[in-house]
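Okay, so here's the structure we're looking at.
Quantities reported herein were computed from a predicted structural model and do not represent experimental measurements. Sequence lines set the chain letters: A, B, ... in the order given, protein chains first and strands last, and positions in each chain run from 1.
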2 protein chains.
Amino acid sequence: MQNVNPQEGTAEFPGHRGETVAPDDEAKVALVRELLSRVADKWTLLVVDALEESELRFNQLRAKVGASQKMLTKTLRQLERDGLVVRRVHPTVPPAVDYRLTPLGLSLGETVCSLWLWVDAHMNDVQRSRVAFDRAARPEA
Amino acid sequence: MQNVNPQEGTAEFPGHRGETVAPDDEAKVALVRELLSRVADKWTLLVVDALEESELRFNQLRAKVGASQKMLTKTLRQLERDGLVVRRVHPTVPPAVDYRLTPLGLSLGETVCSLWLWVDAHMNDVQRSRVAFDRAARPEA
DNA sequence: CAGCATCCGAAAAGATACTG
DNA sequence: CAGTATCTTTTCGGATGCTG
């Protein structure tokens, strides 16, 4: 979920009557979607959450979120590029690198937290619904 | 982002000292992650947002969120299974189907809204950060 | 230690054609 | 209209080997 499909602008669907957005800010809508995909990414969520308590080094983070080095690196680069984390390299040997949230990243963390809380609060409702749905769909066996 | 990797439990990483969760509710953590992935899915977000204003029919929804029919169907089935939307089929010909949020879905909608607002509020910060990052990474050319 | 590059299998998502 | 089924393309993500 790294980038959003470029061809999905709201305006070019046949039969679409253009009631969804003002004609001007289609680029903005695209960016919102792109950012939403970014921010809603599994590893992003986990990393932001992990860094909320304290800054961490690469392998600490890796252990904590359970990501492969490749995914963690990619996620961290994106977060850094987006201004959500800062990467600090200590000129030691071997090198030590730590990551911490910026104020922007911290503010995202709070928002993510509300999502987290929703899941925690309504988990049971969802699970009961699933059981009912599955039983309704497959009454036999 | 349909399902979460089953092997990523927080507790089995080397060097992990177990300070993140109580030893008992690992299953719960797994479910939280699974639900988070579900709920943080791009299409889910878009669909829930689209249905917040009013109920919509399949193709209206399709046009509004810009999903392929395949993705929309899958997303709607999941939302229905999770008890977040209700699917109503009108016995007409040709058939008309509309979708609307349940109270549970509506409560998620509010949470999603906060994510949306974050993106909207900090979009510009992110974009400026990106420009700076990219310029720093590629000073030549 | 932190990371980049490459390869490869698995999963996701788009396009297309067909149906009640 | 609202799907299902199938095919192809794209992306994800783990494994491995190599650097400073």
Worksheet entry | B:Pro94 side-chain proximity, nearest of D:dC7, C:dA2, D:dC1 | D:dC1
Worksheet item: Considering only C:dG14, D:dG3, C:dC1, which nucleotide approaches the side chain of B:Phe58 most closely?
Response: D:dG3
Discussion item. Starting the side chain at C-beta, find the nucleotide from C:dC1, C:dA13, C:dT6 nearest to A:Asn59.
Written reply: C:dC1
Practice prompt. Using atom types as modelled and distance alone, determine if a side-chain donor or acceptor of B:Ser114 lies under 3.5 Å from a backbone N or O of B:Glu110.
Written response: no
Worksheet item: Considering the terminal five base pairs at each end of the helix from C:dC1-D:dG20 to C:dG20-D:dC1, what angle separates the two local helix axes, rounded to 10°?
Response: 40°
Practice prompt. Mind calculating the distance between CG (A:Leu56) and C1' (C:dC1) to the nearest angstrom?
Written response: 15 Å
Practice prompt. Please confirm whether the backbone N or O of B:Gly83 pairs with a side-chain atom of B:Thr102, one donor and one acceptor, at under 3.5 Å?
Written response: yes
Worksheet item: Rounded to the Å, how far apart are B:Leu72 CG and D:dA2 C1'?
Response: 10 Å
Item to complete: Would you indicate whether the side-chain heavy atoms of B:Ser107 and A:His122 approach each other to under 4.5 Å?
Response: yes
Fill in: Short side-chain N/O contact to D:dG3 OP1/OP2 from B:Tyr99, under 4.0 Å
yes
Worksheet item: What pair of heavy atoms forms the shortest contact from B:Val65 to A:Arg33, and how long is it?
Response: O-NH1, 3.0 Å
Worksheet entry | Pairing residues for B:Trp116 by the ring pair (Phe, Tyr, Trp, His ring centres under 6.0 Å) criterion, not counting sequence neighbours | none
Worksheet item: Under 4.5 Å between any side-chain heavy atoms of A:Val86 and A:Glu80, yes or no?
Response: no
Item to complete: Identify which nucleotide among D:dG14, D:dG3, D:dC1 has an atom closest to any side-chain atom of B:Pro95, counting heavy atoms from C-beta outward.
Response: D:dC1
Practice prompt. Output yes when at least one side-chain N/O atom of B:Trp43 is less than 4.0 Å from OP1 or OP2 of C:dA12, else no.
Written response: no
Practice prompt. In whole angstrom, give the distance that lies between atom CD of B:Gln69 and atom C1' of C:dA13.
Written response: 12 Å
Worksheet item: So, is B:Arg62 close to the D:dA2 phosphate, meaning a side-chain N or O under 4.0 Å from OP1 or OP2?
Response: no
Worksheet, complete the sentence: Closest to the side chain of B:Lys70, out of C:dG14, D:dT4, D:dA2, is C:dG14
Worksheet item: Is any side-chain N or O of A:Arg57 closer than 4.0 Å to OP1 or OP2 of C:dA2?
Response: yes
Response to the item:
To the nearest angstrom, the CZ-C1' distance between B:Arg77 and C:dA13 comes to 17 Å
Practice prompt. Take the protein atom CD of A:Gln78 and the nucleotide atom P of C:dG3, then report the distance between them rounded to whole Å.
Written response: 14 Å
Worksheet item: Rounded to the nearest Å, what distance is computed from the CE atom of residue A:Met71 to the C1' atom of nucleotide D:dA15?
Response: 12 Å
Worksheet item: Can you tell if the side chain of B:Ser68 reaches within under 4.5 Å of the side chain of B:Met71, non-hydrogen atoms only?
Response: yes
Fill in: Phosphate-side-chain proximity, B:Arg87 and D:dA2, N/O vs OP1/OP2 below 4.0 Å
no
